[in-house]
Amino acid sequence: MPELPEVEVVRRGLERWVAHRTVADVEVLHPRAVRRHTAGPDDFAHRLTGHRIGTPSRRGKYLWLPLEDTDQSVLAHLGMSGQLLVQPYSAPDEKHLRVRVRFADIPPAPDPAAEGTELRFVDQRTFGGLSLHDNTPDGLPDVIAHIARDPLDPLFDDDAFHQALRRKRTTVKRALLDQSLISGVGNIYADEALWRTRLHYERPTATLTRPVTTALLGHVRDVMTAALAVGGTSFDSLYVNINGESGYFDRSLDAYGREGLPCKRCGTPMRRRPWMNRSSYFCPKCQRAPRVSS
DNA sequence: CAAGGCTCCTGATAGC
DNA sequence: TGCTATCAGGAGCCTT
């Protein structure tokens, strides 16, 4: 599942292979892939055509491609299974190809290797999508203005995050997944960071001390940075992203998906609990359940 | 208004 | 063999 590190890998790939190219043609093969573009698939395709792509940006799990000489950006979210691929024109269509973007490269292209390739949005489960939006004065697509900065953003405010946690009447994993508090964290990295911090997922955020919040943020950053370093190994390929899952990092996971396997710290069998229509993985010894409040 | 739950979607896999 | 149930889960939207 693409979370912040995977999306950043995609962003870097787009920066290399797609930035500064001019859109010649857009083909929407599945209308659901552009459902957040309320004016519809034809409008989406028409508005992109003829514009040059600027430097791709990212916040949390969202990434966007600015259209030069406009105040608009193409916003992308990969959802569960979305991929942005740079493929040769001649490559056969993927089974779940949803949107194709062709470019008008005039030889010699800035990067000769970029000639003859197109951008493809492929998405099996269609939770992701593309859409076009006006930018805010900050250069952010307006529909994601409510998304918090992510933990790898230098302007992320650790103290404000801690104060927000103290005010909330919720639990720590819910807070980690709340994109209006901290963006880019999904189910996998939430479980990993909680395991590293020895925090149970149902710990009330109002009970967290400043040192614990600091430790938690440190582990979130560490695990994401490590995953990003490993995901980066795929840059040599034409594929902008890796495989739509957690890349090569899955072999480094300490908590997620390890039900019944020994905790890497204490050896106690890891547990899985149904939680919010998904799962939480944790060590019952290292991550003690909070006392039930009255 | 805050918090929590429902729903969208498809394919792999388990169980009978 | 073939059917059904379950699981994967981000985030907009709805209910409480």
Side-chain angles (χ1 to χ4, degrees), chain A residues 1-8 10 28-38 58-64 75-84 93-99 121-131 133 140-151 163-194 201-207 220 224 227 241-247 249-250 253 255-260 271-282 290 293:
Chain A
M1 285 54 70
E3 300 181 28
L4 186 154
E6 292 75 27
V7 178
E8 176 59 18
V10 173
V28 178
L29 294 97
H30 195 311
R32 189 173 149 81
V34 295
R35 66 193 181 284
R36 293 190 73 187
H37 188 84
T38 50
R58 181 191 56 74
R59 175 176 286 191
K61 304 171 201 169
Y62 282 96
L63 66 85
W64 62 95
L75 181 65
H77 196 291
L78 302 179
M80 289 275 306
S81 54
Q83 296 172 288
L84 282 165
D93 287 3
E94 291 75 10
K95 182 177 181 184
H96 302 293
L97 177 63
R98 309 304 191 195
V99 180
F121 180 68
V122 177
D123 191 8
Q124 179 212 111
R125 283 177 239 183
T126 68
F127 274 32
L130 307 179
S131 48
H133 304 280
L140 198 70
D142 54 14
V143 293
I144 61 163
H146 65 291
I147 299 293
R149 291 184 186 275
D150 63 63
Q163 296 305 328
L165 292 184
R166 297 284 306 190
R167 283 193 300 269
K168 288 278 179 181
R169 294 293 177 267
T170 190
T171 52
V172 65
K173 186 168 173 183
R174 281 181 180 277
L176 284 176
L177 299 184
D178 183 341
Q179 304 297 298
S180 70
L181 292 176
I182 181 172
S183 67
V185 183
N187 199 44
I188 294 173
Y189 295 114
D191 278 3
E192 293 300 307
L194 290 170
Y201 58 96
E202 287 187 319
R203 175 76 175 266
T205 58
T207 69
V220 167
M224 285 186 164
N241 84 345
I242 26 195
N243 55 21
E245 300 183 355
S246 50
F249 194 67
D250 56 354
L253 296 176
Y256 184 83
R258 288 180 49 79
E259 181 183 18
R271 288 189 185 162
R272 177 176 74 89
R273 285 287 176 274
W275 182 85
M276 279 180 69
N277 285 329
R278 60 200 75 175
S279 295
S280 273
Y281 297 88
F282 67 105
S293 56

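FYI, side chains are in, hydrogens and waters are out, and symmetry mates aren't considered; it's all heavy atoms of this structure.
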Atom pair distance, as rounded to whole Å: CE in A:Met276 and P in C:dG9 | 12 Å
For A:His30, report the nucleic acid contact type (base, sugar-phosphate, nothing); a contact means any heavy atom under 4.0 Å.
-> nothing
From C:dA11, C:dG12, B:dC8, pick the nucleotide closest to the side chain of A:Phe127?
-> B:dC8
Any salt bridge between A:Lys173 and A:Asp191, counting N to O under 4.0 Å?
-> yes
Once you round it to whole Å, what is the distance between P of C:dA11 and CE of A:Met80?
-> 11 Å
Quick note, A:Arg32 side chain, CB onward, closest among B:dA3, B:dC9, C:dA8 is B:dC9
What are the two closest non-hydrogen atoms of A:Glu3 and A:Gly186, and how far apart are they?
-> OE1-N, 2.8 Å
Return no unless some side-chain N or O of A:His146 is found under 4.0 Å from OP1 or OP2 of C:dG12.
-> yes
Could you check which of C:dA8, C:dG12, C:dG10 has an atom nearest any side-chain atom of A:Lys61?
-> C:dG10
Does A:Lys168 reach the main-chain N or O of A:Ala206 with its side chain, forming a donor-acceptor pair under 3.5 Å?
-> no
Sugar-phosphate, base or nothing in reach of A:Asn187, heavy atoms under 4.0 Å = sugar-phosphate
Below 4.0 angstrom from OP1 or OP2 of C:dG9, is there any side-chain N or O of A:Arg125?
-> no
Establish, with yes or no, whether the OP1 or OP2 oxygen of B:dG4 is under 4.0 angstrom from a side-chain nitrogen or oxygen of A:Thr170.
-> yes
Does C:dG9 have OP1 or OP2 sitting under 4.0 Å from an N or O in the side chain of A:Tyr189?
-> no
So does A:Lys168 get a side-chain nitrogen or oxygen closer than 4.0 Å to the phosphate oxygens (OP1/OP2) of B:dA3?
-> yes
Calculate the interatomic distance between A:Glu94 atom CD and B:dG11 atom C1'; express it in whole Å.
-> 17 Å
Expressed in angstrom and rounded to an integer, what is the separation of A:Arg35 atom CZ from C:dA11 atom P?
-> 11 Å
A:Tyr281 has a side chain; which of C:dA11, B:dG11, C:dA8 sits nearest to it?
-> C:dA8
Using a strict cut-off of less than 4.0 Å between a Lys/Arg side-chain nitrogen and an Asp/Glu carboxylate oxygen, indicate whether A:Asp123 and A:Arg32 qualify as a salt bridge.
-> no
Separation of C:dG10 atom C1' from A:Leu176 atom CG, nearest Å, is 15 Å
Donor-acceptor pair, A:Glu259 side chain versus A:Tyr281 backbone, under 3.5 Å?
-> no
In whole angstroms, the gap separating P of B:dT13 from CD of A:Gln124 amounts to 12 Å
Between A:Thr171 and A:Thr126, whichever has its closest DNA chain B nucleotide further toward 5' is A:Thr171
Any side-chain heavy-atom pair of A:Pro5 and A:Tyr189 under 4.5 Å | yes
Expressed in angstrom and rounded to an integer, what is the separation of A:Leu165 atom CG from B:dA3 atom P?
-> 11 Å
C:dC7 OP1/OP2 closer than 4.0 Å to side-chain N/O of A:Ser279 = no
A:Leu78 CG to C:dA8 C1', straight-line distance once rounded to whole Å = 16 Å
Which listed nucleotide (C:dG9, B:dC9, C:dG12) is nearest to the side chain of A:Tyr256?
-> C:dG9
Phosphate OP1/OP2 of C:dA11: any A:Arg36 side-chain N/O under 4.0 Å = no
Record whether the side chain of A:Arg174 comes under 3.5 Å of the base of B:dA3 through a donor-acceptor pair of N or O atoms.
-> no
